[in-house]
Structures are given as structure tokens and as C-alpha cells.
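Below is one structure; the comments refer to it alone.
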Amino acid sequence: MIDLKALREDPDRFREGARLKGIPADIDRLLALDERRRSLLAEQESLRAEQKKIEKEIGPALGRLMGRLKGAQGEERAALQTEAEGLRAKPAALKEKIQALDAALAQVEPELEALALEVPLPPDPDVPVGESAAQNVEIRRWSPEGFDPAEPFEAQRGFAPLAHTELMRAHAMVDFERGVKLAGSRSYALTGDGMRLHQAVLRYALDFITDRHGFSPTGVPVLVREEAMVGTGFFPAGRDQAYRVAETDRGGGQDLWLTGTGEVGLMGLHQDEILDEADLPMRLATVSTCFRREAGAAGKDTAGLYRIHQFDKVEQVVICRADEAESRRWHRAMIGIVEELLRSLDLPHRLVQCCTGDLGPKNADMVDVECWMPSRGEAGPSGAPRGDWGETHSASRLYDFQCRRLNMRYRGESTGGKTVFCHSLNNTVAASPRLLIPIVEMHQTKDGAILVPEPLRPYMGGRERIG
RNA sequence: GGUGGGGUGGCGGAGUGGUUGAACGCGCCGGUCUUGAAAACCGGUAGGCCCCUCCAGGGCCUCGCGGGUUCGAAUCCCGCCCCCACCGCCA
């Protein structure tokens, strides 16, 4: 959620932000509703103030009248009753007016709230302007000794690479057919060493972020209330992407939603809390199963383990003070963690600064990390794919957008007794099985085996290779 | 699935129609004392919205949410949501 005060002060900033992101937002309507709401509120408040004043005057008088009324007879009684009614009439008239304003507000507020939730956080000025991922800007890349993504795989390794689908099938690491039978398209079953490697990656990543970088390992619900989805900024825009568990259909109080990332659970954990500044920054990591409908992606990346409905992910989240410099430092640090992890796995990767058009509603800045996947990309001269970068990580900087929605604040020395919305950031640590794609493809051998990267071996019973 | 209990300030926990936005305790902040700290004692300490350029100041809302009764509601009535406990079933 954006700050409505900030919107009032500088609507153009938000108009421009929405435009740059390519996200429709009716700022004019929102401003008009906000104006209307505030004027109704002001009117109602002054009526209320008057009402309270009158009540204080009338209360005791009425009490005395009622006392006299008890012992009164005949004409005196009638006169007293008239007087009492007269006293009551005044606040009653006010009450009617106040209720009318209530009704007017009830017409304005739902639309205002809905619109406010749709206004995206403007991208930061240093985010390159662009319409889509095509205009993203590479920041830097890294490759292990002896491999350069710019050169053909075959020329460097002496053999044509197999795609992860072929490799993993060959070693009985995955069963796509039965996965689809069980759960439909974009489903799969990990088998044997595929499941072991998957778990090895996840466990390695969790240990990595926890032991080496001090994040707190945390387990969170993946089935959450709608407010957590709205609070983290995934709703309303991403409603189509989430699986709904329709408990209301069977008489339940409310529906639940399957989360598409551990970020929802980690961030939702502290919603509606006022944190002590001394407890910040909070660094949390979770490993969770993620569910995505992939609506609108029909026909895209249909083969293999790239785009699937269910996967597991180690996610990192930082909740820090509302300080841009600090936020930016954490963003760099969280990206650095991923770079370190990918280097340890000998995976060629690059950092990509996402352009404005590739940002979601909730981030001011986003850096993707892409790993080199030999099986992706268009076919080269030999008929085999040339390889391409594939997104494996995404690091977002959100300012207080999420925490405002989640009502997550802090207080402490630097806030002068006031409460302030926290800043939040998130980044992938490792998402598998997608990350298995570069792992198996980059570590395949001429004879069709897969070398297990050294850091994963302890999690694979010491195994050095598959096949 | 059954039965019962309950949602109050940063936390715990009183409060069943009238200066109660809310006792008391904890926590936190300030002060006294102390070489320093602790303890003790004294004082302060809810959140939000609106008006106001700022400051200062003022107004309004909020005791789960929404409606109702009443001159007046945390307190009474109706509806909804949520949480907890026990029993049954079960991973």
C-alpha cells in the first residue's frame, strides 16, 4: 500500500510510477474519493463533537427531569414529559444527520480502499525505464574457470549437452508422465537421485543462509488467510496466480490460499505488530512448498522442470528500519549471498537489473539472478539449443509498501517515540527443482553422468556423481 | 464432528449502562538515591484519522468486526469472524 498522504502531496509521482510499470491505476478517481471521504469525515466529526457537547448538557438535566417525573401527576407530569421530549429531540436530529453521513461514507470507502490497494509502488529513479523483461539490463556475470556462456557448450566441453529432461530421465530422477497423470500438466514426480538432489539443494541453501549469514530458520504456513496475501501485496493483482482452497463452499468461515512463495508466511508472521527497533533487522529464512497457477502462461515453458505448479524454495526476508540506505545495503547483501551460493555450485550466472516494466506492483527495485541453462534458447546450427539464461532468483526492495499493508511497525531510539512502518526485502536463496536444471546440465559429463557439486555431496551421502 | 470458554492498551489482566481511553501488574522512558549499576522510591507511557505549511493546538474514532437499543455502551440485543480448551476421529 502506498501512503495516501504522499499521494495527495505528489500525485504525479504515482501516476508516473504506475505508467512506468505498465500497471493501470486510477489515480484521479482515487484522489476524488479521498477528497470526498475527508470532507464527509470532517463534517461528521464536527457534528459528533456537537452531539457530545449536547449530550453532556442534557444528560444531567434529563436525569433530574426523570426523577421529578416519577412523583408528578396530571398536568405537571404532561409538562415534564413534553420538556423531556424536547431535550431529546436535539441530539436525535444530529444523530440522523450523522447516520446519513455514515451511509455516504459507506458508499465511498470500499471503492477507495480497493483502488488504494491497486496503486503500485513507484519504481526508484535509478531503475531503468523499459516495457518488459526485454529491456532489463545486465549488471554483471560470473562463470567458473573454463566455461563461457558466450561460447558454445560443445566447443568448450567436447560434447553436445543433454537437456535436464533427458539427463534426469536417463538416471530415473524424474517421472513426468506419472506426475501429469496424478496432477495434470506442469506436474512431475521426483524420483531416486532426483529427489535426493532436490533435497540436497534445499538443505544446503537453508544451512548456507542460516549458518553462514545468520538468518533465522523459520517454518511458516503455506496455506494462509486472504489478509496475508493482500498484506504482502500479492493480492489483488495476483489473485489469478494463487490456488484458492474454497472452505466457504463447505460452510467454513473463510477461504484459504496456497502461497506462491515463503515470503508470504515470513512477512505475515509479524503483521499487526509494533516491533522494538532493537529487534531489527529481522533476518528470516524459510523453506516452503510454493504453488503457482501459472495463469496466462499457457504454452510457455511447457517442457521439463522450468515452469511448474509446485516447487520448493528457500527464501530470505529482511525486515529493517525505514531507512533507504539501510534497505539498499540489505538488498546488495541478499544478492551477494546468492552470488556466493551459486559460485560455490560452479554455476554460471548473471545479475539483471529489472526495468520498470518488469517490476510488480510491490517493488521499487528488483534484481533477478539468472543461471545459464544449456537446454534453453533457440536451436543453434547443430539443431541443439544454444543455451540461455533462465531466472532462478529474484531480489526485491519494497520500502514500506508491504509493511504498510501488513501494519507492521517499529518504534525505538531513532523514531522519537513514534511508530514507523518497517521496510522489507526478499530474495530467493534457492528454488528447486528449477535450480536442478543448471546443476545437472552444467555438471553433466561426456558419458552422460552428473557430477555432484562438492557442497552438495554431504547431503548426498558423500556421492560424487550420479550415473 | 460434539460440548464449553473467550476476544480489552507493547504484554499480562480487571472492568456487566454514566467524567473508564480504560484499575492493577509487567515492560519501556525520565528523575531521586549511588563512585557506577542493581534494588527501592517518584513521575510519565495506547494506536489511528482529520484540521493546521511547521510548531503549538484542536477535533474525531478505536475495548475482534458490522448493525441495533439508549440522552449515554467495553458493558445490553442481533449477525458475523477469529481464537482457545476438552471429547471423538485421525496424519
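Per chain, numbering begins at 1; letters A, B, ... match sequence-line order. None of these values were measured; they are calculated from a predicted model. As a basis for the values below, the full set of heavy atoms in this structure was taken, side chains included, without hydrogen atoms, waters or symmetry mates.
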For this session: Taking only the side-chain nitrogens and oxygens of R409(A), find out if one of them lies under 4.0 Å from OP1 or OP2 of G48(B).
Result: yes
Exercise. Would a line drawn from the ring center of F235(A) to the ring center of W257(A) be shorter than 6.0 Å?
Worked result: yes
Problem set entry | Exceeds 12 heavy-atom contacts within 6.0 angstrom, atom CZ of R203(A) | no
Exercise. Is the shortest side-chain N to carboxylate O distance from E226(A) to R239(A) below 4.0 Å?
Worked result: yes
Problem set entry | Spacing between R8(A) atom CZ and C52(B) atom P, to the nearest angstrom | 10 Å
For this session: For nucleotides A46(B) and G10(B), find the distance between their C1' atoms and express it as a whole number of Å.
Result: 9 Å
Exercise. Does R292(A) use its side chain to pair, donor to acceptor, with the backbone of G260(A) at less than 3.5 Å?
Worked result: yes
Exercise. Can you tell me the Watson-Crick or wobble partner of U34(B), both distances under 3.5 angstrom?
Worked result: none
Exercise. Is E16(A) paired with R13(A) through a side-chain N to carboxylate O contact shorter than 4.0 Å?
Worked result: no
Problem set entry | Separation of atom CG in D272(A) from atom P in G9(B), rounded to whole Å | 12 Å
Enumerate donor-acceptor pairs with a distance under 3.5 Å from any side-chain N or O in residues 268-275 of chain A to protein atoms, sequence neighbours excluded.
{"residue": "H270(A)", "atom": "ND1", "partner": "E273(A)", "partner atom": "OE1", "Å": "3.1"}
{"residue": "D272(A)", "atom": "OD1", "partner": "N407(A)", "partner atom": "ND2", "Å": "3.2"}

Problem set entry | C86(B) and C29(B), which share atom name C1', separated by this distance in whole Å | 44 Å
Exercise. Would F208(A) and H213(A) count as a close aromatic pair, with their ring centres under 6.0 Å?
Worked result: yes
Exercise. Does any pair with a residue in residues 390-421 of chain A pass ring pair (Phe, Tyr, Trp, His ring centres under 6.0 Å), and if so which ones, sequence neighbours excluded?
Worked result: Y399(A)-H423(A)
Exercise. In whole angstrom, what separates E273(A)'s CD from C11(B)'s C1'?
Worked result: 11 Å
For this session: Quick one: look up who C86(B) pairs with, Watson-Crick or G-U, both distances under 3.5 Å, and put none if it's unpaired.
Result: G2(B)
Problem set entry | Separation between the P atoms of C71(B) and C55(B), rounded to whole Å | 42 Å
Seminar exercise, completed: Rounded to whole Å, the CD-P distance (E9(A) to C50(B)) equals 11 Å
Seminar exercise, completed: By the Watson-Crick or G-U definition, both distances under 3.5 Å, U20(B) is matched with none
Exercise. In Watson-Crick or G-U wobble terms, both distances under 3.5 Å, what is the partner of C49(B)?
Worked result: G59(B)
Problem set entry | Contacts of type ring-ring contact (aromatic ring centres under 6.0 Å, His included), residue Y306(A), not counting sequence neighbours | none
For this session: Sequence neighbours left out, what passes side-chain contact (heavy atoms from CB on, under 4.5 Å) with D211(A)? Give chain and number order.
Result: D207(A)
Seminar exercise, completed: R307(A) meets the side-chain contact (heavy atoms from CB on, under 4.5 Å) criterion, sequence neighbours left out, with R186(A), E294(A), A297(A), K300(A), D301(A)
Exercise. Relative to the 5' end of RNA chain B, which residue comes earlier, D34(A) or I274(A), by the nucleotide with the nearest heavy atom?
Worked result: I274(A)
Exercise. Considering only the C1' atoms, how many Å lie between G13(B) and G25(B), rounded to the nearest integer?
Worked result: 8 Å
Problem set entry | Separation of C28(B) C1' from L275(A) CG (nearest whole Å) | 15 Å
Interface polar pairs with nucleotides 72-75 of chain B, N/O, under 3.5 angstrom:
none

Exercise. Which base, if any, makes a Watson-Crick or G-U wobble pair with G10(B), both distances under 3.5 Å?
Worked result: C26(B)
Problem set entry | Backbone N/O of T218(A) and side chain of T286(A): donor-acceptor pair under 3.5 Å | yes
Exercise. Considering residues at least two apart in sequence or located in another chain, which fulfil the salt bridge (Lys or Arg N to Asp or Glu O under 4.0 Å) criterion with D126(A)?
Worked result: R328(A)
For this session: Mind calculating the distance between CD (E43(A)) and C1' (C49(B)) to the nearest angstrom?
Result: 17 Å
Exercise. How would you list, by chain and number, every residue that makes a salt bridge (Lys or Arg N to Asp or Glu O under 4.0 Å) with E441(A), sequence neighbours excluded?
Worked result: none
Show me the protein contacts with nucleotides 80-84 of chain B, counting only N or O atoms at under 3.5 Å.
{"residue": "C82(B)", "atom": "O3'", "partner": "R225(A)", "partner atom": "NH2", "Å": "2.4"}
{"residue": "C83(B)", "atom": "OP1", "partner": "R225(A)", "partner atom": "NH2", "Å": "2.6"}

For this session: Calculate the interatomic distance between E109(A) atom CD and C65(B) atom C1'; express it in whole Å.
Result: 14 Å
For this session: Keeping the roles fixed (side chain from N363(A), backbone from D365(A)), state whether a donor-acceptor pair exists under 3.5 Å.
Result: no
Seminar exercise, completed: Side-chain atoms of K5(A) come closest, of G10(B), G48(B), C50(B), to C50(B)
For this session: Pick the P atom in U75(B) and in G58(B), then give their distance to the nearest Å.
Result: 29 Å
Tabulated below should be each protein N or O lying under 3.5 Å from an N or O of nucleotides 53-60 of chain B; please produce it.
{"residue": "G59(B)", "atom": "N2", "partner": "E45(A)", "partner atom": "OE1", "Å": "3.0"}
{"residue": "G59(B)", "atom": "N2", "partner": "E45(A)", "partner atom": "OE2", "Å": "3.3"}

For this session: May I ask you to list the residues of residues 263-271 of chain A, by number, that have any heavy atom positioned under 4.0 Å from an atom of RNA chain B?
Result: none
Exercise. Mapping A42(A) and R411(A) onto RNA chain B by nearest heavy atom, which one lands closer to the 5' end?
Worked result: R411(A)
For this session: For R404(A), report the nucleic acid contact type (base, sugar-phosphate, nothing); a contact means any heavy atom under 4.0 Å.
Result: nothing
Exercise. Got a sec, which residues hit side-chain contact (heavy atoms from CB on, under 4.5 Å) with A303(A), two or more places apart in sequence or on another chain?
Worked result: none
Exercise. C26(B) and U16(B): how far apart are their P atoms, nearest whole angstrom?
Worked result: 24 Å
Exercise. Expressed as a whole number of Å, how far does the C1' atom of U8(B) sit from that of C63(B)?
Worked result: 4 Å
Exercise. P atom, G48(B) versus A39(B): distance in rounded Å?
Worked result: 30 Å
Exercise. G48(B) C1' sits how many Å from M1(A) CE, rounded?
Worked result: 13 Å
